[in-house]
There are 2 protein chains.
Amino acid sequence: MVTLAEVAQHAGVSASTVSYVLSGKRSISAGTRQRVERSIHELGYHPNAGARALASSRSNIIALMVPLRTDMYVPVMMEIAIAVATTARTHGYDVLLLTGEEGPDAVRRVAGSGLADGMILMDVELDDERLPLLRGARQPAVLIGLPADTEGLTCVDLDFKATGALCVEHLAERGHRDVAVIGEAPAVYERHTGFAERTLDGLRGRARELGVRLLHRPCEGGYDAMAVTLARILDERPGTTGFVVQNESAVEPLLALLRQQGRAVPEDVSVVAVCPDQVAVQASVRLTSVAIPAQEMGRHAVEQLVAKLDGRAGDEVVLLAPELTLRASSGPAPLP
Amino acid sequence: MVTLAEVAQHAGVSASTVSYVLSGKRSISAGTRQRVERSIHELGYHPNAGARALASSRSNIIALMVPLRTDMYVPVMMEIAIAVATTARTHGYDVLLLTGEEGPDAVRRVAGSGLADGMILMDVELDDERLPLLRGARQPAVLIGLPADTEGLTCVDLDFKATGALCVEHLAERGHRDVAVIGEAPAVYERHTGFAERTLDGLRGRARELGVRLLHRPCEGGYDAMAVTLARILDERPGTTGFVVQNESAVEPLLALLRQQGRAVPEDVSVVAVCPDQVAVQASVRLTSVAIPAQEMGRHAVEQLVAKLDGRAGDEVVLLAPELTLRASSGPAPLP
DNA sequence: AGAGGCTGTCGAAGCGCTTCGACAGTTTTG
DNA sequence: CAAAACTGTCGAAGCGCTTCGACAGCCTCT
């Protein structure tokens, strides 16, 4: 392994000069800089990460805590994770992957050991047990998701309340009076994951204002579960003509079942989904949907965190505005 | 931050003693050990990762390089990544997440800086440009996937050739003479990803032996692409009664289309999928499938890598045997 | 022309930990 | 019963880098 000292000797300067060339924290004459850069190149020098971390108390690593669960739409998680990793690199950071398994201990471990300079947490519950630790820590953190109390925390998320409202509006505009909501798996609600409840809030609030009757049913993914859920819904509210689907693995089963029952989409029934665009486009009926901006969320989270690490930002809650894309699963807009 | 020295002082021993208590590399009397452990606990001490890495030239970090692409089934990638992270923790390692974006440079950077002790690469192409670097490096590495030349490399993968053979056998046993293969997206073949081609090898080889006529068609996921592909297949081979599907996002569309055309599964047509069990179970017809053992692959990869790091293992190619699970999408076994 | 300010470079002091050799005290051995 | 072999602990020397203060040389003022 080539060391700083060897580079310095090769270039005929002192070690500190090489360090300053690398970090740019002091001005260096053009000639010296070039000589040093050539030596670095010729010797194939790479700074040692450990030594750097020790001397500077900065590891240039961001920890990303992803949920271990697989009852939520995994591609979204993956997309966020990849966006985080990619964005982090553009700011000179690497990403350490932590699973939810260790829980709060992971937070302690990473913060205590200086392994990472800051952390990003996904899948935050309304009253997450990791939050007190984060509030107390000198470790900057950013949450993807919105807990009940955001005091002293930085959060990034889609505005799910507005998302719910938007879906109802869209269906109401098209004349639907009875709307069913196919929600996430029951477990998601039971552990009080913020986004599911917030979507529901938005749906209910706007439905009340617009005089739409709403029926919400959680639903495991898959064909069988969807069949049972749909049967119950139509039993209870036979006049249901609008569907909002928030569980991506229920989308295709729902469409298949509706088709099978002779209910045409969008002629008889409208469907709006909350899902990544890819899913909406690949479905058997191209779905009108509110996209989950996974990439943007990941990118924003990193940028907030980097800003905090640079002392450029304080706590902040960023809610991304939902956007509804009209596709083939909901009727045309009514004439004005 | 509490340091080793402070713990040592608090416990009334020298710093090296504390270090040996922590690492267990020298024997320590029970009394001393307890005193030190109490001090560690009381002071809330966490060893500094950077200092440790510097002094020991071991970071206790494994780098995991995941593909950036999203044209392959993402949940499998995610499941592998999570299995890697989880298994790594049980061996005392953390996982650094690298995206394919940086390509070979990432390998250089990580190896050069000592950021990680070893690396695991996913989505390896037959003639991957990262391979020469790995062969030359003192950085142990494990591949998930199988390149063309495995000389000097450690690899873990599902035995896709056997998987292909198994699928054909299963359909042949049930009397199918014309079998269509719905493959991955064309791009996957174009970049010569090993598993796709190896599956095809297995399919073709066994088909020839068993006198089965095989028609292979790559297919983008989604409903529309599948519709076009299916139409072409039935046009070219109207007698097709068996399907092998290797693209998970084509599964549900295929089932919907077959249903729509009045071809009953499994009465008229049998379908065998290569996909995670979750997908097979959630489909509108529970699918006979060969599972992709994502967790096991991740776990194996870590264990191989850790063994190499401990000097307990050399290069090795581990191919996991495929297992076919009979479900509702293929006919009953013929009477003996 | 001398004071004061810049620039560019260097030396040295750590950062917190691991690990090697040394050694006092105790136990085993022939 | 002395010699040999352990055991358990300590001190000190780094690991490779960052960063602070110092300073030589030069330029710019009045």
Side-chain angles (χ1 to χ4, degrees), chain A residues 1-37 39-40 43-61 92 109-117 138 309, chain B residues 1-37 39-40 43-61 92 109-117 138 309:
Chain A
M1 271 306 72
V2 187
T3 70
L4 224 208
E6 292 171 306
V7 173
Q9 194 177 0
H10 186 270
V13 297
S14 75
S16 44
T17 300
V18 177
S19 178
Y20 287 125
V21 167
L22 250 29
S23 70
K25 292 192 179 172
R26 285 204 183 169
S27 56
I28 297 287
S29 68
T32 306
R33 169 181 293 107
Q34 281 171 22
R35 224 154 3 105
V36 170
E37 279 165 355
S39 296
I40 287 178
L43 301 179
Y45 169 72
H46 283 274
N48 178 297
R52 226 169 205 197
L54 178 56
S56 64
S57 351
R58 287 295 226 102
S59 63
N60 284 301
I61 288 180
R109 191 168 60 83
V110 169
S113 67
L115 231 188
D117 297 333
R138 80 236 112 259
L309 287 170
Chain B
M1 270 309 69
V2 187
T3 70
L4 224 209
E6 292 172 305
V7 173
Q9 194 177 3
H10 186 271
V13 298
S14 75
S16 44
T17 300
V18 177
S19 179
Y20 287 124
V21 167
L22 251 28
S23 69
K25 293 192 178 171
R26 284 204 183 171
S27 56
I28 297 287
S29 68
T32 306
R33 170 181 292 108
Q34 280 173 22
R35 231 162 347 115
V36 169
E37 279 166 355
S39 297
I40 288 177
L43 300 179
Y45 168 71
H46 284 272
N48 178 298
R52 226 170 205 194
L54 177 55
S56 64
S57 358
R58 286 293 226 102
S59 64
N60 284 299
I61 289 180
R109 191 168 59 84
V110 169
S113 67
L115 229 189
D117 297 332
R138 81 236 109 259
L309 288 170

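The analysis underlying the following values was restricted to heavy atoms, covering all of them including side chains, and did not include hydrogens, waters or symmetry mates. A, B, ... follow the sequence lines: proteins, then strands. Residue 1 opens every chain. Quick caveat, the model's predicted, so the values are computed rather than measured.
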Check the surroundings of atom CD in A:Glu6: do more than 12 heavy atoms from other residues, nucleotides or ligands lie under 6.0 Å from it? yes
Side-chain N or O of A:Ser16 versus OP1/OP2 of C:dA12: is the shortest distance under 4.0 Å? no
Kindly say if A:Thr3 contacts the phosphate of D:dG16, meaning a side-chain N or O under 4.0 Å from OP1 or OP2. no
Would you say the base of D:dT9 and the side-chain of B:Arg26 have a donor-acceptor pair closer than 3.5 Å? yes
Rounded to whole Å, CZ of A:Arg52 lies from P of D:dT18 at a distance of 5 Å
For the student: nearest non-hydrogen atoms of B:Leu22 and B:Tyr45, plus distance: CD2-CE2, 3.8 Å
Whole Å only: how far is the CG atom of A:Asn48 from the P atom of D:dC15? 12 Å
Phosphate OP1/OP2 of C:dT18 contacted by B:Lys25 side-chain N/O (<4.0 Å): no
Send over the distance from B:Ile40 CD1 to C:dC17 P, rounded to a whole Å. 10 Å
Side chain A:Arg35 and base C:dG8 donor-acceptor under 3.5 Å: no
Given that B:Tyr45 and B:Tyr20 both sit by DNA chain C, which one's nearest nucleotide is further toward the 5' end? B:Tyr45
For C:dC10, does OP1 or OP2 lie under 4.0 Å from any side-chain N or O of A:Ser14? yes
Over how many whole Å does the gap from A:Glu6 atom CD to D:dC15 atom C1' extend? 13 Å
Is the phosphate of C:dT18 approached by B:Ser19 (side-chain N or O, under 4.0 Å from OP1 or OP2)? yes
